[in-house]
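What follows is a set of notes on a single structure, which appears directly below.
Keep in mind the model is a prediction, meaning the values are calculated, not measured. Order of the sequence lines fixes the chain letters, A, B, ..., with proteins taken first and strands second; residue numbering starts at 1 for each chain. All values below were derived from every heavy atom in this structure, side-chain atoms included, with hydrogens, water molecules and symmetry-related copies excluded.
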Number of protein chains: 2
Amino acid sequence: MLRKVDKHSGIPAYLQIVNMIKSEILLGNLQKGSQLPSIRDLQVIFDVNINTVIKALEKLKTEGYIESEQGIGYFIKKDIDVEESVIKIIRECVTKLKNSRIDYHTSMLIFEEVWKNE
Amino acid sequence: MLRKVDKHSGIPAYLQIVNMIKSEILLGNLQKGSQLPSIRDLQVIFDVNINTVIKALEKLKTEGYIESEQGIGYFIKKDIDVEESVIKIIRECVTKLKNSRIDYHTSMLIFEEVWKNE
DNA sequence: TATACTGTTATATTATTATATAACAGTATA
DNA sequence: TATACTGTTATATAATAATATAACAGTATA
């Protein structure tokens with residue numbers, strides 16, 4: 001689930017980290033109240049500098065997704081309720097798209113454009 | 001279709017421009033052989049510096065989406081065939097999601113995570 | 001030919017992002 | 001208490017992204 005940042009995507013690493021953790025929370029893979037790996041472990045997991053991890057975690061804190069305790073760790077604060085039906089819709093869509101052998105980036109581009117213009 | 005760049009999204013402006021033009025081509029809104037607005041017009045449309053426009057257009061050139069002619073303009077080179085069925089799948093998904101009142105960013109996060117992990 | 005469009009190239013400056021590295025401070029436990 | 005984990009703060013450096021601005025060069029047309 002949590003994985004190396006893509007350093008060639010052009011998307012700032014700290015944002016990739018923010019998005020990865022957010023979506024894990026949204027999907028229920030990171031549960032309310034549970035503890036995240038330590039900063040120094042996350043540094044290895046994401047393959048970035050410690051400051052980049054901190055920048056991402058601070059942003060998630062500001063947005064209310066996590067909280068921290070000195071000397072202990074970071075914890076998932078709230079799992080924003082995402083209706084199971086929404087996840088189901090997206091799962092079905094992704095399955096269909098993968099069967100169409102269309103690639104991820106093209107799908108995302110079309111998805112974005114369709115969303116913003118229709 | 002072509003619109004102002006979002007300067008608070010964190011995504012580099014030149015990449016937003018690249019993606020916007022790409023998806024317009026993919027969706028068939030920018031047709032093969034047709035001419036893009038001039039660099040100085042695009043500068044106004046996207047609300048960025050001229051160098052940022054040039055950076056985006058150079059990238060699109062490198063990737064084979066457009067070509068340029070000195071003193072004349074930029075032209076759409078090829079429209080990568082996207083099956084109409086794929087666009088239909090995405091349109092239906094977006095419609096359902098909008099009816100669920102889920103927001104764009106959350107949808108994209110879930111979409112990305114589901115794609116990469118299932 | 002003169003003008004007004006095109007794309008192209010260049011320089012300098014600022015802000016953001018990411019890195020390396022170090023040190024400090026709170027917590028738990030042998 | 002000593003140790004080894006946690007988070008926190010700080011400084012310096014480099015790479016990237018974005019800006020402002022200017023000048024050069026090709027094309028079309030009045």
Side-chain angles (χ1 to χ4, degrees), chain A residues 2-22 25 30-31 33-78, chain B residues 2-22 25 30-31 33-78:
Chain A
L2 299 182
R3 57 184 180 277
K4 269 201 176 74
V5 149
D6 179 358
K7 301 198 174 183
H8 303 290
S9 73
I11 312 294
Y14 84 96
L15 273 183
Q16 292 184 47
I17 294 172
V18 166
N19 289 339
M20 236 184 283
I21 293 178
K22 259 192 206 174
I25 296 173
L30 288 175
Q31 292 187 328
S34 70
Q35 185 170 6
L36 283 173
S38 77
I39 291 181
R40 290 168 183 82
D41 282 349
L42 289 174
Q43 179 180 357
V44 175
I45 292 173
F46 295 128
D47 191 27
V48 295
N49 186 268
I50 188 171
N51 297 317
T52 305
V53 173
I54 292 172
K55 187 170 184 178
L57 294 179
E58 284 308 306
K59 189 163 166 60
L60 285 164
K61 235 163 85 173
T62 303
E63 294 185 18
Y65 282 87
I66 62 177
E67 59 193 344
S68 64
E69 289 182 53
Q70 248 284 41
I72 304 183
Y74 281 91
F75 298 87
I76 309 300
K77 199 171 165 190
K78 58 180 178 190
Chain B
L2 298 183
R3 57 186 178 274
K4 269 200 176 75
V5 149
D6 179 358
K7 300 198 176 184
H8 304 291
S9 73
I11 312 293
Y14 84 97
L15 273 184
Q16 292 185 46
I17 295 172
V18 165
N19 288 339
M20 235 184 283
I21 293 178
K22 260 191 206 174
I25 296 173
L30 288 174
Q31 293 187 327
S34 69
Q35 185 170 6
L36 283 173
S38 77
I39 290 181
R40 288 167 185 83
D41 282 349
L42 290 175
Q43 177 181 358
V44 175
I45 293 173
F46 295 127
D47 191 27
V48 294
N49 186 268
I50 189 171
N51 297 316
T52 305
V53 174
I54 292 172
K55 188 171 184 178
L57 294 179
E58 284 307 308
K59 188 161 167 59
L60 285 164
K61 234 164 85 174
T62 303
E63 295 185 17
Y65 282 86
I66 62 177
E67 59 193 343
S68 64
E69 289 183 52
Q70 248 285 43
I72 303 183
Y74 280 90
F75 298 86
I76 310 299
K77 201 171 162 189
K78 60 180 178 191

Any donor-acceptor N/O pair, B/Gln16 side chain to B/Ile11 backbone, under 3.5 Å
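Flag set: sc B/Gln16 to bb B/Ile11 pair under 3.5 Å.
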
Under 3.5 Å, is there any donor-acceptor pair linking the side chain of A/Asn49 to the base of C/dA18?
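Result: no qualifying N/O pair found.
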
Which value, rounded to the nearest 0.5 Å, describes the distance between B/Glu63 atom CD and B/Lys77 atom NZ?
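It comes to 12.0 Å.
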
Could you tell me the separation between the CD atom of A/Glu67 and the CG atom of A/Leu57, rounded to the nearest 0.5 Å?
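It is 13.0 Å, given to the nearest 0.5 Å.
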
Between [atom2] on [N] and [atom1] on [X], what's the gap in Å once rounded to a whole number?
| X | N | atom1 | atom2 | value |
| --- | --- | --- | --- | --- |
| B/Glu58 | D/dA18 | CD | P | 16 Å |
| A/Gln43 | D/dG7 | CD | P | 11 Å |
| A/Arg40 | C/dA20 | CZ | P | 15 Å |
| B/Asp6 | D/dA18 | CG | C1' | 15 Å |
| B/Ile11 | C/dT16 | CD1 | C1' | 14 Å |
| A/Ile17 | C/dT17 | CD1 | C1' | 12 Å |
| A/Tyr74 | C/dT27 | OH | P | 15 Å |
| B/Lys59 | C/dT8 | NZ | P | 17 Å |

Between A/Val48 and B/Ile50, just flag the one whose closest nucleotide in DNA chain C comes earlier from the 5' side.
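Between the two, 5'-proximity favours B/Ile50.
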
If you find the nucleotide of DNA chain C closest to B/Gln70 and the one closest to A/Asn51, which residue's nucleotide is nearer the 5' end?
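Per heavy-atom nearest nucleotide, the more 5' residue is B/Gln70.
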
Base, sugar-phosphate, or nothing: which does [X] touch, judged by heavy atoms less than 4.0 Å apart?
| X | answer |
| --- | --- |
| A/Ile54 | base |
| B/Ile39 | base |
| A/Leu57 | nothing |

Go ahead and name the base partner of [N]; Watson-Crick or wobble counts if both distances stay under 3.5 Å, otherwise write none.
| N | answer |
| --- | --- |
| D/dA28 | C/dT3 |
| C/dT8 | D/dA23 |
| C/dT14 | D/dA17 |

Quick test of your reading of the model: are A/Lys55 and A/Glu58 salt-bridged, counting only N-O distances below 4.0 Å?
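No, A/Lys55 and A/Glu58 are not salt-bridged.
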
Would you say a side-chain N or O of [X] is under 4.0 Å from OP1 or OP2 of [N]?
| X | N | result |
| --- | --- | --- |
| B/Ser68 | C/dT6 | no |
| B/Thr52 | D/dT19 | yes |
| A/Tyr14 | C/dT19 | no |
| B/Lys7 | D/dT19 | yes |
| B/Ser38 | C/dT6 | yes |
| B/Lys55 | D/dA17 | yes |

Verify side-chain contact (heavy atoms from CB on, under 4.5 Å) between A/Leu36 and A/Ile66, making sure each step is shown before the conclusion.
CA-CA 9 Å; A/Leu36 283 173; A/Ile66 62 177; 4.2 Å; yes

Inspect the surroundings of NZ in A/Lys61 and state if more than 12 heavy atoms from other residues, nucleotides or ligands are less than 6.0 Å away.
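Atom NZ in A/Lys61 is crowded, with more than 12 foreign heavy atoms closer than 6.0 Å.
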
Reading DNA chain D from 5' onward, which residue's closest nucleotide shows up sooner: A/Gly71 or A/Gly10?
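Counting from the 5' end, the first nearest nucleotide belongs to A/Gly71.
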
Closest nucleotide among D/dA23, D/dT27, C/dT27 to the B/Ile72 side chain
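Between D/dA23, D/dT27, C/dT27, the one nearest the side chain of B/Ile72 would be D/dT27.
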
